[in-house]
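Both backbone and side-chain heavy atoms feed into the values below; hydrogens, waters and symmetry mates do not. What you see is a predicted model, and the numbers here were worked out from it, not measured in a lab.
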Amino acid sequence: MSNRLDQRGTSADHTDERPDYDHASNDVKRPALVSDLRERVDGDVRFDTYTRQLYATDASAYEETPIGVVFPTSTEDTAAVVSYCSGRGIPVLPRGAGTSLAGQAVNEAVVLDFTRHMDTIVSVDADARRAQVQSGVVLAELNEALSSHELKFAPDPAAGDRSVIGGAIGNNSTGAHSLEYGKTDAYVEECEVVLADGTVATLGDTDLDELRERADSDGTLLQRVYAEVVRVVDDEADEVRARFPELKRNVSGYNLDALVEEAEAGTVNLARLMAGSEGTLAVVTEATVALEPVPETKAVSLLFYESVLDAVTDVQYVLEHDPAAVELIDDVLIGLARGTADFEEIAALVPDDAQAGLLVEFYAEDEAHGRALTAGLLADRVSEGAGHAEQLEDRPDTEQPFSFAGVEAHSEADREQFWKLRKAGLPILLSRTSDEKHISFIEDCAIPPEHLPEFVERFQTLLEAKDRDVDAAFYAHAGPGVLHVRPLVNTKAAADRRDMVEIADAVTDFVVELGGSVSGEHGDGRARTQWNRKLYGDHLWNAFRDLKTAFDPDWLLNPGNVCGDHDMTEHLRYDGEYTYDAGFEPSLNWENENGMQGMVELCHGCGGCRGGQDTSGGVMCPTYRAADEEITTTRGRANLLRQAMSGDLPDDPTDDEFAEEVLDLCIGCKGCARDCPSEVDMAKLKTEVIHARHQEHGSSLRDKLFANFDALAPLGSALAPLSNLAQSVPGARTLAEKTLGIAREQALPEFQRETVHDWFESRGGAHVAEGDAERKVVFFVDSYTNYSHTEVGKATVRVLEAAGVHVRVAERTDSGRPALSKGFVEKSRDAVESNVAELAPYVRDGWDVVLAEPSDAVMFQSDALDLCDGPAVESLAANAYGVCEYLDAFRLGENVDWGPTTESVAYHGHCHQKAVKKDHHAVGVLRRAGYEVDPLDSGCCGMAGSFGYEAEHYSLSKSIGEILFEQIEASEATAVTAPGTSCRTQLSDDRIDAVAAESSLSGTTLDREEPPTPIELLDYCLAE
C-alpha cells in the first residue's frame, strides 16, 4: 500500500501537526509490561483497550481479548518480544491480516501484527522462480509485483487480496486451483523464524544425516527440535502413513506426512513444518517461496445437474479431464443468485431446472487449446453432447450421472461472469442480520472425491435431523473434495451450541470413515482442534504434542491450537452471556431483521475492508488504505461499536473519545454498503451514533454551519462577489481555522450572483415544450449547484433539452444531504418531507426527478427511505435519477447529434453512486457521445463533502486523494472528469493537471481550475 499515514494521521507528503489521532484509547493495560517492551523494540506497542478489542476477533465466530499488540519492524524486534515473553511466561500470537475462519488468530496473548511494517518483498529471482518476502506481504501485492515476470505465488485463497504470506504459511493455505498447485507447503523453500526462546534460526532443506548429527535432546532449543524431528521420522513414520488421509487438501494437525515423505529421499525441509502450524511452533518473520508461471490462457465450462448428489457424483469423472479447478454451486447459491439483481445476467445462463452446477476451469496453451479442452469435457459429460453414446459404451458404470446442459466461456470477461456465479451466494449467506448466522465451524471437510456423494447424503441427513436441512449450502472446491457447509446457528442459544458440537462430532465420524480430513484449507484453530484426536488417534495426537513441546517447551506460542485444549463452544463472539444495549433509540429506519442491532452485529470479520486499491479495487475502505490502521477499517469500527454496545468496552459510543478515535475518520463514503461481503453499512451506523451524540452533548458551530449550507448560501449569493473576497483578506483563513476549525489551505466554495434558478427564469423557462417532449422532468437543483457551481446546472438543462426532455426546475434546493452528513437527522428528515410534498404530485403525474449532484441523487434514491416512510417517498425514490443515469437508463443520448470529439477522459465515479451501483451510467453516455473513456476503479476522492475542509482531517483527505491521483496519472487519458463537487474540488489540487491544461478543451468555457463534470463534457459537444 502506498501513502500510508503514521500514527498521528499524517503522511510523508503532508507533515501536519493538527491531527491528534493515536488510534488508541487513553487507558493502558499492564503499563509496566508496555514500558519494558518499548525499551526493547522499534515498533509500536499498544496495550490500550481499543487496540486489544480490535484484535480480539478475526473472521471466525470467536472472540478473545489479547494482552496487547506489538507491531514489529524487524526480526530483531520480534525476537526481543518473544525472548522477553518467554522469560515471563507470557503467551505470544503471531497474526497476519486476521482472515482466519477457525479462530486461530485470536488468543489471550501478546499479538504480533506483521502487516504494518514487515511487508517488504526483499528480492525476486525470476530465473530461479524464487521470491524472498517478509511475513506481512499481502499475497495479491506479491503477485502484482511478480506480474511483470509472468510469475505468481500459486496458492490462491479466497482472501488473497488481504491475507499475507505469514498467514498463508501458518494456515498452509490453498485455494480454488489446488488441483494444479497443491498447498502452500509445496512452495515454502526456507523460513527465517524466531523460536520460542527468542532464538533466530533459518529453517530449510537439511540432509537427514546432518540433522541426526545436530540433534541433541539435552542441547539448545534448536538442537532439541532436531532431535524430536529425527524421532518422528524414525519412530512415527508408519503411524503417519497409516493415519494421515491421502488427500490433496489436508491442513489438520502438524505437517508430519510431508516430513515423513521427504525423509524417504534422505532430506527434510523443516520450513515446511511451519506450514499449517498456526504459529504454535515458531514465529515466521521471512520466507523464501517458489513461484509458478502464469498460465497462457484459461477456458471455463459450467455443467448443470438435477441435484447436488448428481453433481458431486460426477466430480470423479470430470477429474479425468485434468482440470485446474472444479467448483460446486448448489441449489441454495443458484437460488440466491437468481433472486439478486447484481447476478441477473449470469443467473440467466442457468437452466430453470438446474439444482446444482460444476464450474470447471482448464489452463490452456492458447484459445484453440482451451476450446478443445472444454469441447472434450462437454462431449463426455453432457448427456446430449457429441460422442455421448460412445462414451457410455466405454464406461463400466452405466448408472453414472451426466450433466443435462453445459456452457463454456473463453474470453476473460465471460470467464469472470462464470466465476461470479460461483461466488455469488456467499456474500448473501453472510449478510443475515438475524441472531442465526452461517457459522464456520464444520465447513471445511475434505473427502476423497469418489466418496463425496456418500458424504453429502450423510451430511444432509444429519442436518435434517437437526432441523437445519434448508439452512446450509454446499459449495466450493469439489475437485479436491473440499466442500464448505455452513449450517445456520444461533450461538446465543444453548441448544444451538449443543447442536454445533453434535454436528461436528458426527461429521468428524463421517470424515474418518471416508478417509478424509476435518480441515481442507481453513485450519484447526478453536473450531476444530478438539477433533484432531479423533481424526488421527491418540498415538499421533501425543506425537503432535511432543513436537509442540520440543519447539515450545512452555506452550507459549498461540497456545491451545492444533493439539491443545480448545473447546469449540468457548470464547464465541455471541454466547449465552452476550447482551446488547445501544444506549439510545434508533432515529433512522432499519428494514433489516433485528433492526439497528442486526447491523451492529453483522460484521463477520473477513477483512475485505483491508484490501488495497491496486489489488482489491472498489471504494472500501479509503481511510484504511491511507492510514494502514485497523481502527480505520469497517471491520475495526464495526467491532468496536458492537463491543461498546455489548459492554465489552466500557465506553458509551457517544462519548468524546469513542466518537473521535473510532468514528471520526469514517468519511461516510458508503463503500462498505456495497463492497463489504456482508454489506455492513458503517456510514448509516455512524449517523445514528452522531445524531445521539448531538442530542446528548450538543454540536459544534462548524457542524451546524456545514449542515445549514442551504440557509447560508442565498446570502452568500446575494452578496457576491463581495462574499467571495472575504476569503482573500489577509489572515482570514487562519482566523477561520482557529475559530471554526476550517483548514486554512482550503478555499470555501465561491458564490455566484446569478443562480441556476435566476438563469432558468431569465431564459424564459423550458425550451422544449411539454407536448413535444420525449419525457418530462423536474430538475432538483441542489444548493451547491444552484449557488456555487451554476455552470453544472445550466449544462444539465441544456443537455436534457437537447435529448428532447421538457424541464422544470424545483423550487427547493435542500436535499437534506448536508444535514444528514453531519448527523442532524431531524433536520434532514424535515427537508425530505418538504421535498416529498413538492415533488410527489409531479411524480404521480408521470414526471421524473433529475439531480446533477451524485450525493444528492443518492439522497433521494436511498437515504430518504432511511428517514421517511410511505408510498409517496418510495415513489419519489423510484423515480429520481442522477442526470447521466437518466440519459443512460432511457437511452436519451441516442436522440442527440453530438459534436465530433477525439477526447479521451479518465472517469472517476462518485463513491455514493458506486454504493448504489449507479456510477457506470456516465461512462455509457460519454462513450455514446464519442469520448474514449477510462473508468477508474477508484475509491473515495478523500474530500468527502465537508471532511476535507476540516483542519484535523486535511492531511488525511489529501493522502486518500493521492491514491486517486496516482490512478489518474497512470491513465492514458488526456483529461479527467468527475460528477461530484467534492471530487472536482479535490482534483483541482495542483498535483493534477486538469483538463484545461492538458487537453483540446483548453480555451473553452471549461478552462478553469477544476475538471468538468460528464454533463459539462456533453454540453461542450453540443456547443461545438
Passes side-chain contact (heavy atoms from CB on, under 4.5 Å), Tyr21 versus Ile631? Steps please.
CA-CA 11 Å; Tyr21 305 102; Ile631 202 171; over 6 Å; no
Under the criterion side-chain contact (heavy atoms from CB on, under 4.5 Å), I'd like the reasoning laid out for Ile165 against Ser135: C-alpha separation, chi angles, the key distance, then a yes or no.
CA-CA 5 Å; Ile165 282 286; Ser135 285; 5.6 Å; no
Please step through side-chain hydrogen bond (donor to acceptor under 3.5 Å, both in side chains) for the pair Tyr181 and Lys152, ending with a clear verdict.
CA-CA 11 Å; Tyr181 297 121; Lys152 66 177 180 176; 3.1 Å; yes
side-chain hydrogen bond (donor to acceptor under 3.5 Å, both in side chains) for Gln104 and Asn171? Distances and angles first, verdict last.
CA-CA 9 Å; Gln104 51 266 60; Asn171 209 53; 2.6 Å; yes
Given Thr184 and Thr174, is the side-chain contact (heavy atoms from CB on, under 4.5 Å) satisfied, shown in steps?
CA-CA 6 Å; Thr184 292; Thr174 181; 6.0 Å; no
Pair Thr267, Thr206 - check side-chain contact (heavy atoms from CB on, under 4.5 Å), show working.
CA-CA 6 Å; Thr267 62; Thr206 306; over 6 Å; no
Can you check salt bridge (charged side-chain N to carboxylate O under 4.0 Å, His left out) on Glu962 and Lys958, steps first, answer last?
CA-CA 6 Å; Glu962 285 170 5; Lys958 290 303 178 187; over 6 Å; no
Show your reasoning for whether side-chain hydrogen bond (donor to acceptor under 3.5 Å, both in side chains) applies to Thr280 and Asn561.
CA-CA 7 Å; Thr280 63; Asn561 286 316; over 6 Å; no
Mind running side-chain hydrogen bond (donor to acceptor under 3.5 Å, both in side chains) on Glu192 and Thr285 for me, showing each step along the way?
CA-CA 6 Å; Glu192 180 182 72; Thr285 58; 3.0 Å; yes
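For Arg272 and Glu189, the salt-bridge test passes: some basic side-chain N is under 4.0 Å from an acidic carboxylate O. Using a cut-off of 4.0 Å between Lys/Arg side-chain N and Asp/Glu carboxylate O, Glu228 and Arg224 are scored as not salt-bridged. A salt bridge does not link Lys183 to Glu521: none of the charged nitrogens lies less than 4.0 Å from a carboxylate oxygen. Between Arg415 and Glu412 there is no salt bridge, since none of the side-chain N atoms of the basic residue sits less than 4.0 Å from a carboxylate O of the acidic one. Salt-bridge check for Arg130 with Glu190: failed, with every basic side-chain N at 4.0 Å or more from each acidic carboxylate O. Ion pair Arg116/Asp628 flagged as a salt bridge, since at least one NZ, NE, NH1 or NH2 atom sits closer than 4.0 Å to an Asp/Glu carboxylate oxygen. A salt bridge links Glu327 with Arg422: the distance from a Lys NZ or Arg NE/NH1/NH2 to an Asp or Glu carboxylate oxygen falls below 4.0 Å. Ion pairing of Asp552 with Lys548 is present here, as a side-chain N (NZ or NE/NH1/NH2) and a carboxylate O approach within less than 4.0 Å.
Surrounding CD of Gln223 are more than 12 heavy atoms belonging to other residues, nucleotides or ligands, all under 6.0 Å away. For CD of Glu261, the number of neighbouring non-hydrogen atoms (other residues, nucleotides, ligands) closer than 6.0 Å is 12 at most. Around atom CD of Glu264, more than 12 heavy atoms belonging to other residues, nucleotides or ligands sit under 6.0 Å away.
Panel note: side chain Asp185, backbone Ala275; no donor-acceptor pair is recorded below 3.5 Å. Checking side-chain atoms of Thr529 against main-chain N and O of Val562 turns up a donor-acceptor pair under 3.5 Å. A donor-acceptor pair is defined here as one N or O able to donate and one able to accept, closer than 3.5 Å; no such pair exists between the side chain of Asp42 and the backbone of Thr73. Side-chain atoms of Arg162 come within 3.5 Å of backbone atoms of Cys606 as a donor-acceptor pair (strictly under, hydrogens ignored). Between the side chain of Thr199 and the backbone N or O of Leu195 there is no donor-acceptor pair closer than 3.5 Å. Within the 3.5 Å criterion, the main-chain N or O of Ser971 finds no donor-acceptor partner in the side chain of Asp934. The backbone N or O of Ile67 sits less than 3.5 Å from a side-chain atom of Arg52, completing a donor-acceptor pair. Of the possible polar contacts, none joining the Ser173 side chain to the Pro157 backbone as a donor-acceptor pair under 3.5 Å is found. In this structure a side-chain-to-backbone donor-acceptor pair under 3.5 Å is present from Arg635 to Gly605. Asn255 contributes no side-chain N or O that, together with a main-chain N or O of Met274, makes up a donor-acceptor pair within less than 3.5 Å.
For the pair Leu203/Leu222, a side-chain contact is recorded, criterion being any heavy-atom separation below 4.5 Å from C-beta on. At least one side-chain heavy atom of Cys563 sits under 4.5 Å from a side-chain heavy atom of Trp555. Under the 4.5 Å side-chain criterion, counting only non-hydrogen atoms from C-beta, His477 is in contact with His484. Counting only heavy atoms from C-beta outward, the side chains of Val41 and Val81 approach each other to under 4.5 Å. Put simply, the side chain of Arg610 does not reach to within 4.5 Å of the side chain of Ser163, judged on heavy atoms. In this structure, the side chains of Leu273 and Val229 come closer than 4.5 Å at one or more pairs of heavy atoms. In this structure, the side chains of Val110 and Val70 come closer than 4.5 Å at one or more pairs of heavy atoms. Within the 4.5 Å cutoff, the side chain of Ile169 has heavy atoms near those of the Cys191 side chain.
The ring-ring contact (aromatic ring centres under 6.0 Å, His included) analysis of residues 253-300, with sequence neighbours excluded, yields the pairs Tyr254-Phe544.
Across all non-hydrogen atoms, the minimal contact from Arg528 to Ala102 is NH2-CB, 3.6 Å. When every heavy atom of Thr115 is checked against every heavy atom of Ala97, the shortest pair comes out as CG2-N, 4.1 Å. Summarising the geometry of Asp161 relative to Ala140, their closest heavy-atom pair is CA-CB, 3.6 Å, with the distance given to 0.1 Å. Taking each heavy atom of Leu208 and Ala263 in turn, the nearest pair found is CD2-O, 4.0 Å. Here the closest non-hydrogen pair linking Val240 and Asp257 is CG1-CA, 3.6 Å. The two residues Val193 and Ala282 come nearest to each other via the heavy atoms CB-CB, 4.0 Å.
One finds the CG atom of Asp207 at 8.5 Å from the CG atom of Leu211 (value rounded to the nearest 0.5 Å). Once rounded to the nearest 0.5 Å, the distance linking CD of Glu150 with CG of Leu291 reads 13.5 Å.
In this structure, Arg88 satisfies the cation-pi test against Tyr84, with its NZ or CZ atom closer than 6.0 Å to the six-membered ring centre and inside 45 degrees of the ring normal.
A distance below 6.0 Å separates the ring centres of Tyr363 and His177.
A donor-acceptor pair shorter than 3.5 Å cannot be found between the side chains of Asp216 and Tyr226. Side chains of Asp197 and Ser86: no donor on one and acceptor on the other come within 3.5 Å. For the 3.5 Å distance criterion, the side chains of Thr120 and Gln134 qualify, holding a donor opposite an acceptor.
With sequence neighbours excluded, the residues satisfying side-chain hydrogen bond (donor to acceptor under 3.5 Å, both in side chains) with Thr51 are Asp48.
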